[in-house]
Amino acid sequence: MKTKSKIVIPIIFLAFIIFLSACHSSDKEKNESASIANLPVVLVSQPQTKSFESNFTIAGEAMANQEVKLFAMGNGYVKMWKYDIGDLVKKGSVLAVLANPELVEEQEKAKAELDGDASIYNRLEAVYKKTPELVPLQQVDESKAKYESAVAALNVVDSEISYLTVRAPFDGMITNRYVDNGAIVQNGLDRPYTEPLFKIEDISMIRVNVSVPEVSSPYIIQGTLVRVVFTDLPNTVFTATVSRIAYGLNDDTKTMLIQIDLSNKNHLIHPGMFANVTFTTSAADSSLSVPNQAIGTYEQETYVYKVTPVDSASGNLNWDGTVKCVVKKVNVQVGVHNAQYTQIKYGGLKTGDRIIVSGNAQCADGSLVIAKSGKNL
């Protein structure tokens, strides 16, 4: 009887140990299940290599192809003007004529002096040619120099008088007239605050000025396709290409000026009109890209969240189910984008990575999440 008792006791003890172990394992599994249940669930996707076109719209402003304010090049008063605002003029057309009585008097005086000096020079030269011994050569040369000086003096006055006729420097439209008949004007060559006479603009062609942000500037070249819609002409669409690029960035705004030429023979577009300019650009072939919703920004920093499985050694991860992961914040530089994807120019990403595309707001660098595949994103 004693032998049977000794055998029963170890068996009971072993059963008790197994029971405690099972209870401990069950409690551990329950705790782990409870911990997983408290983790946020995120949807993930993989970066893809794509070649795609991107469209983005920036505000622009219509400018005249050429414009200038015309100032008087001589002092005088407005004797007459021939064109008013809205009038079309050709290059060289006389826009206004000024008068200056003092210059007229100087011209008459210079003419009289020229006539006298010319008469003396001609007479001395004729005598010298016939009888050189009667007139010293020096006297002939002196009279010639005086005559040529009088010619130069008259030319100066004639030039000043010619400046009193104001002509159009190019084909265009008068968009402002600042003076009336009889108005006293001063030349604008050495008087910076002189009032102009006219403003003329060449609006047969319009330059649309657009300031392109730095991030988009590398993708715009001469010939890039654009679509222009003016705010005041919503039903008219202009299709054109980029005509010229400044290349240098503005120091203050970090934008690059580009210009688009639009034909405006019917004068439908007015300088100063605002426009929405849509650019169509292409990313390089096989560019790494991610869904737009994966991109986050904070204080001029652009990033995505990448996840790494906690059990990274396992080769049987079920992304269609759930995978416990650690979140890592990856800074990136983005390029062009379209309605669904954004190009990644630089950043620690590759095609096999998993990035968060839904649930980003619940994440932080180093946090734990439950990830599952977002097939439809």
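All figures in this text were calculated on a predicted structure; none of them were measured in a lab.
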Exercise. Are K144 and D141 within salt-bridge range, i.e. N to O under 4.0 Å?
Worked result: no
For this session: Taking the six-membered ring for Trp and the full ring for Phe, Tyr or His, determine whether the centres of F230 and F238 are under 6.0 Å apart.
Result: yes
Exercise. Just wondering, more than 12 heavy atoms not from K372 lying within 6.0 Å of its NZ?
Worked result: no
Exercise. Does any N or O in the side chain of N122 come within less than 3.5 Å of the main-chain N or O of S119, such that one atom is a donor and the other an acceptor?
Worked result: no
Problem set entry | Pairing of R177 and D84 as salt bridge, 4.0 angstrom limit | yes
Exercise. Excluding sequence neighbours, so at least two apart, what forms side chain to side chain contact (heavy atoms under 4.5 Å, CB included) with E67?
Worked result: A64, K199, E201
Exercise. More than 12 foreign heavy atoms under 6.0 Å from NZ of K328: is that the case here?
Worked result: no
Exercise. For the atom pair OG (S93) and CD1 (I200), what is the distance rounded to the nearest 0.5 Å?
Worked result: 8.0 Å
For this session: Evaluate the criterion ring pair (Phe, Tyr, Trp, His ring centres under 6.0 Å) for residue pair Y83 and F198; output intermediate values, then yes/no.
Result: CA-CA 9 Å; Y83 295 94; F198 297 93; 8.3 Å; no
Exercise. So does R244 pair up with D261, basic N to acidic O under 4.0 Å?
Worked result: yes
For this session: Considering only NZ, NE, NH1 and NH2 on the basic side and carboxylate oxygens on the acidic side, decide whether E301 and K329 come within less than 4.0 Å.
Result: yes
Problem set entry | Donor-acceptor pair between Q340 and N292 side chains, under 3.5 angstrom | no
